[in-house]
Amino acid sequence: MLCDAAAHRLVCPLDCPDTCSMLVDVKDGRASRLRGDPAHPFTQGFLCHKVSHYLERVYNPNRVLHPLRRIGPKGSGQFERIDWDTALDLITAKFREVIASPEGPQAILPYSYCGTMGRIQSESLDRRFFHRIGASMLDRTICATAGVAGYSYTIGGRIGTDPEAIDDSRYIINWGSNTAVTNSHLWVRMVAARKRGAKIVTIDPYRSRTAERSDWHLMPRVGTDAALALGIMHVMFRDGLTDADYLTRYCHGTDALRDRVLTQYAVDVVAKITGLTAVDIERLAHEYAATKPAVIRVNYGLQRHYGGGMAVRTIACLPALIGAWRDPSGGILLTTSGLFPINTAGLQRPLLSPPGTRTINMSRLADALCATGSASVFPMNPSAPDRQEKTLAEPVAHSEPPGPPVRLLFVYNSNPAAIAPDSVRVQQGLMRDDLFTVVHEQFLTDTTDYADIVLPATTQLEHIDLHTTYGHHYVQLNEPAIAPLGEARCNTDVFRQLASRLGLEPELFAVTDEQLAREALWETAPEQPSALRGITVDVLRNEGPQRLRLPRPFVPFANGNFPTPTGKCEFFSTKLAEQGEDPLPWYVPPAESIDSQPELAARFPLQLLSPPSPHFLNSTFVETETLRKSAGEPTLEIHPDDAEEREIIDGQRVRIRNDRGSFHARAMVGETVRPGVVVAPGIWWHKLTDDVGNANLTTSSRTTDWGGGATFFDNLVEVEAVG
Ligand SMILES: Nc1nc2c(c(=O)[nH]1)N[C@H]1C(S)=C(S)[C@@H](COP(=O)(O)OP(=O)(O)OC[C@H]3O[C@@H](n4cnc5c(=O)[nH]c(N)nc54)[C@H](O)[C@@H]3O)O[C@H]1N2
Ligand SMILES: Nc1nc2c(c(=O)[nH]1)N[C@H]1C(S)=C(S)[C@@H](COP(=O)(O)OP(=O)(O)OC[C@H]3O[C@@H](n4cnc5c(=O)[nH]c(N)nc54)[C@H](O)[C@@H]3O)O[C@H]1N2
Ligand SMILES: [Mo]
């Protein structure tokens, strides 16, 4: 666009499916006027409220701009400024010491997630470095692995409906998805579809912003979605609503599934489990089966329960039953991430990791840090087909030897003291005197408070990166618009420096970020994969976002071709059968519920959900005053019946507690939640709440049925008024 000829093109780095293209003006080395890039076909020039404040993050006076060394007790956040050489020397000495100790390199644990989603700053040289030194590996399960595992048993891979086709859908179900908040550019398309006659349905125990704006909101009991999906199937088979031709040609295990749902999941049984009326279940099944094209947006909120993998696996069966995959605007969308054939193994070099290296589940950081070295606290779930939402190449199949306690924790792109479950024990672990903690950060977060060394990190305006996404079909390049502020360095630079100090191979580490981006796109290989053909750093630089070279319209499973062992949609899962598990879908109840743990539920009768706040991105932006102000203060939404029973009135301060811990919030009494459910939105920084901290003081480090996922929303609590 001519008027923007002087603007720099950036990519929003945050962990959100939308991955927006952005423009920023730069004058005399300073950035101003950040806005959406209208040239991006999916994000179309509008930025969310949060990210439009990204420059406040970049120029925030509280940014970390120099390396720091701890001078006070752990947890106190007292530091002195040091220079980079001193910081890197101290860290290198510690690496050498731990590697040479009897405990060896596996006493080193990297801890990172998606502070940036860029493929270079998020998961390239860092992985190479930790693989090369033989550190423990991290299973990145905090967000999506349960759903991805469940989805993959049914569909075979992380592929679903093209989000751009949803404008033409006629029946849209947001299933455990707060789309209007967490995927706002898809919501725009849903609203466009509604203008053309589509109906929007939301299935959520909470009246989220999405539920509020939907045509129909169903409020099931928490963690009962698989039962609901099985009930819908019952109605479909019973009433002949299925697509018999699609089932015969492209589905595996139809007879067994029919038999199971007809005998075990009658509507009255399902009504009892889900707390929905039989009338609503029947109506949902009939409307969904009859209105074409029908699409389901299933998201990650729904899989943060013990049975989360099974819930997604079961829901993912529904489109095939009605042949919804025949239409580009039908089907189901969990993620688009499986469509990007990036050279992840080339970037990360998993084979550098010595065979037998243990893997530690990031959702169980509390256990890992509080452990004394027993193997039993690091169970692997060998059944998960994909260990990670964002990439395929994380090494798997390493055995699980008894491992040493973690002695050196290296945190980047993550704020585990705030975001990991069971904060009380995470903090206890971080307090250990015999643990050396390095945190590479943009801000002094809850986690840096426990660091021995803090390193200053660049923001997205200050480094190069290559972006794929989990919410559309475009590849994008982010180029630096300004010089790094202060002494900030990007993630790859830190690992380059450490590798050089440790004397590691220059051919592995003395590579530029641009070279890494070219390697990621297979530019240096004899041939690029067809979906990436012609997409190079130069093309991205000169021409902007590039759509994957996929057939249009995108109808991946119109004629079967599912990437499963049978090539069909697997109601009967070949892999589960091989693993000796029940090969058919069934209802796996939550771990903490009145049905599974009546004694616990008698003491802690309320199910707490702590979904993200519209004003923050996980715990990012809590530091930005404008957004913290718009978020207000921590709140707890509670049903009037539950409030009355506890003599809690609207606006009163309450304590939310269980055996793991407690936190405070202001009660909002209303019918925004089902009775028995309470909702505390937002991952606040513990230290920026008025009281003791955020909801993760109560969450558990138990993991999901498949994929080793976190179970943030499978959490029983009691609530009482304070003061
Ligand atoms: N504004 C904003 N956007 C974000 C984020 C953010 O922090 N802020 N985070 C990003 C990240 S990392 C992720 S993973 C995605 C998450 O995106 P979503 O999955 O859409 O987000 P959540 O709000 O965690 O969960 C969606 C809904 O699931 C509901 N839910 C909880 N338990 C159940 C259940 O048992 N059954 C059903 N049917 N529903 C249930 C919750 O009440 C919630 O309204 O969003 C991304 N986008
Ligand atoms: N109770 C509860 N807990 C949850 C969730 C929930 O819904 N409820 N959601 C979970 C989910 S879905 C997720 S994905 C996780 C998210 O957890 P995290 O991935 O830890 O996400 P953030 O809280 O955004 O923290 C990212 C940090 O990375 C830093 N950062 C950003 N860019 C860079 C960079 O280039 N280099 C370096 N070194 N640092 C950088 C940011 O400053 C920020 O502090 O939280 C999980 N925790
Ligand atoms: Mo996430």
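Any value given below was found using the heavy atoms of this structure, including those in side chains, with hydrogens, waters and symmetry copies removed. Everything quoted here is computed from the prediction, not taken from an experiment. Read the numbers this way: they start at 1 and go in the same order the structure lists the ligands and their atoms.
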For the rings on Phe410 and Phe495, is their centre-to-centre separation under 6.0 Å? yes

Using only heavy-atom distances, determine whether the side chains of Glu637 and Thr672 contain a donor-acceptor pair under 3.5 Å. yes

Would you mind running through ligand 2 and noting each atom that sits below 4.0 Å from a heavy atom of Ala457? 36 (N), 37 (C), 38 (N)

Contact partition for His305 relative to ligand 1, non-hydrogen atoms under 4.0 Å: side chain

Using the test salt bridge (Lys or Arg N to Asp or Glu O under 4.0 Å), find all partners of Arg702 that sit at least two apart in sequence or belong to another chain. Glu592

At the 4.0 Å heavy-atom cut-off, does Glu623 count as touching ligand 2? no

I'd like to check which ligand 1 atoms, numbered from 1 as shown, lie under 4.0 Å from a non-hydrogen atom of Val222. 35 (O)

Report the member of Arg489, Glu441, Gln303, Arg140 with the shortest heavy-atom distance to atom 44 (O) of ligand 2. Glu441

Ignoring angles and geometry beyond distance, decide whether Ile683 reaches within less than 3.5 Å of ligand 2 through its nitrogen or oxygen atoms. no

Does an N or O from Ile203, backbone or side chain, lie closer than 3.5 Å to an N or O of ligand 1? yes

At under 4.0 Å between heavy atoms, is it the side chain or the backbone of Phe616 that contacts ligand 1, or both, or neither? backbone

Which of the atoms of ligand 1 are close to Tyr300, meaning less than 4.0 Å from one of its heavy atoms? 19 (O)

Taking only heavy atoms of Thr620, which atoms of ligand 2 are found under 4.0 Å from at least one of them? 22 (P), 23 (O), 24 (O), 25 (O), 26 (C), 43 (C)

So that I can tick it off, tell me whether Asp595 and Arg221 are bridged by a salt bridge, with the cut-off set at under 4.0 angstrom between side-chain N and carboxylate O. yes

Looking at ligand 1, does any of its N/O atoms fall within less than 3.5 Å of an N/O of Thr224? no

Please report the shortest heavy-atom distance between Thr445 and Lys687, naming the atom on each side. O-NZ, 3.1 Å

Does some non-hydrogen atom of Gln460 fall short of 4.0 Å from ligand 2? no

Can you sort out which atoms of ligand 1 are near Pro611, meaning under 4.0 Å from one of its heavy atoms? 23 (O)

For Leu347, the option from Leu516, Leu466, Leu125, Asp126 that meets side-chain contact (heavy atoms from CB on, under 4.5 Å): Leu516

Taking the six-membered ring of Phe713 as reference, does the cationic atom of Arg304 (NZ for Lys, CZ for Arg) lie under 6.0 Å from its centre and within 45° of its axis? yes

Regarding ligand 2, does Ser610 bring an N or O atom to under 3.5 Å of one of the ligand's N or O atoms? yes

Which of these, Asp15, Thr182, Asp204, has its nearest heavy atom closest to atom 29 (C) of ligand 1? Asp204

Can you see which heavy atom on His185 is nearest to which on Cys20, and at what distance? CE1-SG, 3.2 Å

Minimal heavy-atom distance between Leu333 and Thr161, with the atoms involved, is CD1-O, 3.3 Å

Give yes or no for whether the N/O distance cutoff of 3.5 Å, strictly under, is met between Thr179 and ligand 1. no

For Pro612 and ligand 2, answer yes if some heavy atom of the residue is under 4.0 Å from a ligand atom, otherwise no. yes

Residue portion contacting ligand 1 (non-hydrogen atoms closer than 4.0 Å) for Leu609: side chain

Quick one: does Thr445 get an N or O within less than 3.5 Å of an N or O on ligand 2? no

Pick, from Asn413, Ile142, Val494, the option with the minimum heavy-atom distance to atom 37 (C) of ligand 2. Asn413

Would you mind running through ligand 2 and noting each atom that sits below 4.0 Å from a heavy atom of Asn415? 20 (O), 25 (O)

Near Cys143, which atoms of ligand 1 are under 4.0 Å from a heavy atom of that residue? 14 (S)

Near Thr458, which atoms of ligand 2 are under 4.0 Å from a heavy atom of that residue? 35 (O)

Check Arg425 with Asp367, please: is the shortest side-chain N to carboxylate O separation under 4.0 Å? yes

Partners of Phe79 by ring pair (Phe, Tyr, Trp, His ring centres under 6.0 Å), sequence neighbours excluded? none

Sub-3.5 Å N/O-N/O distance, Asn696 and ligand 2: yes

Within the structure provided, determine whether Asp465 and Asp513 are in side-chain contact (heavy-atom separation under 4.5 Å). no

Heavy atom of Lys50 under 4.0 Å from ligand 1? yes

Under a 4.5 Å cut-off applied to non-hydrogen side-chain atoms, are Pro67 and Glu487 in contact? yes

Atom indices of ligand 1, in the order listed, that fall short of 4.0 Å to a heavy atom of Ser208: 44 (O)

Against heavy atoms of Ser619, which atoms of ligand 2 measure under 4.0 Å? 22 (P), 23 (O), 24 (O), 25 (O)

Quick check: does Thr699 get an N/O under 3.5 Å from an N/O on ligand 2? no

Test Ile332 against every option in Val295, Leu318, Ile315 by the side-chain contact (heavy atoms from CB on, under 4.5 Å) rule and name the one that passes. Ile315

Could an N or O of ligand 2 be found under 3.5 Å from any N or O of Gln121, whether backbone or side chain? no

Sub-4.0 Å atoms of ligand 1 with respect to non-hydrogen atoms of Phe713: 24 (O), 31 (C), 32 (N)

Do His440 and Asn491 get their side chains close enough for a donor-acceptor pair, meaning under 3.5 Å? yes

Looking only at distances, please establish whether an N/O atom of ligand 1 is found under 3.5 Å from an N/O atom of Gly301. yes

Should you measure from each heavy atom of Gly223, which atoms of ligand 1 turn up under 4.0 Å away? 34 (C), 35 (O)

Please determine whether the number of non-hydrogen atoms from other residues, nucleotides or ligands lying under 6.0 Å from atom CD of Glu625 exceeds 12. no

Of all the atoms in ligand 1, which lie at a distance below 4.0 Å from a heavy atom belonging to Ser613? 1 (N), 2 (C), 8 (N)

Under 3.5 Å: N/O of Asn491 near N/O of ligand 2: yes

Do Arg57 and Phe621 form a cation-pi contact, if we require the NZ or CZ to be under 6.0 Å from the six-membered ring centre and within 45 degrees of the ring's axis? yes

Please list, in number order, the atoms of ligand 2 under 4.0 Å from a heavy atom of Arg57. 41 (C), 42 (O)

Are any of the side-chain nitrogens in Lys629 or Glu56 under 4.0 Å away from the carboxylate oxygens of its partner? no

Please confirm whether Arg221 comes under 4.0 Å of ligand 1, counting heavy atoms of the residue only. no

As an exercise, identify every atom of ligand 2 less than 4.0 angstrom from a heavy atom of Cys114. 19 (O)

Is the closest side-chain donor-acceptor distance between Thr699 and Asn715 under 3.5 Å? no

Looking only at heavy atoms, which two atoms of Tyr306 and Ala591 are closest? And how far apart? CB-N, 3.5 Å

Which of the numbered atoms in ligand 2 are below 4.0 angstrom from a heavy atom of Leu617? 24 (O)

Side chain, backbone, both or neither: the part of Asp225 lying under 4.0 Å from ligand 1 by heavy atom: side chain

For side chain to side chain donor-acceptor pair (under 3.5 Å), just list the numbers for Thr703 and Ser363, CA-CA rounded to whole Å, side-chain angles, deciding distance to a tenth of an Å, and then say yes or no. CA-CA 7 Å; Thr703 52; Ser363 301; over 6 Å; no

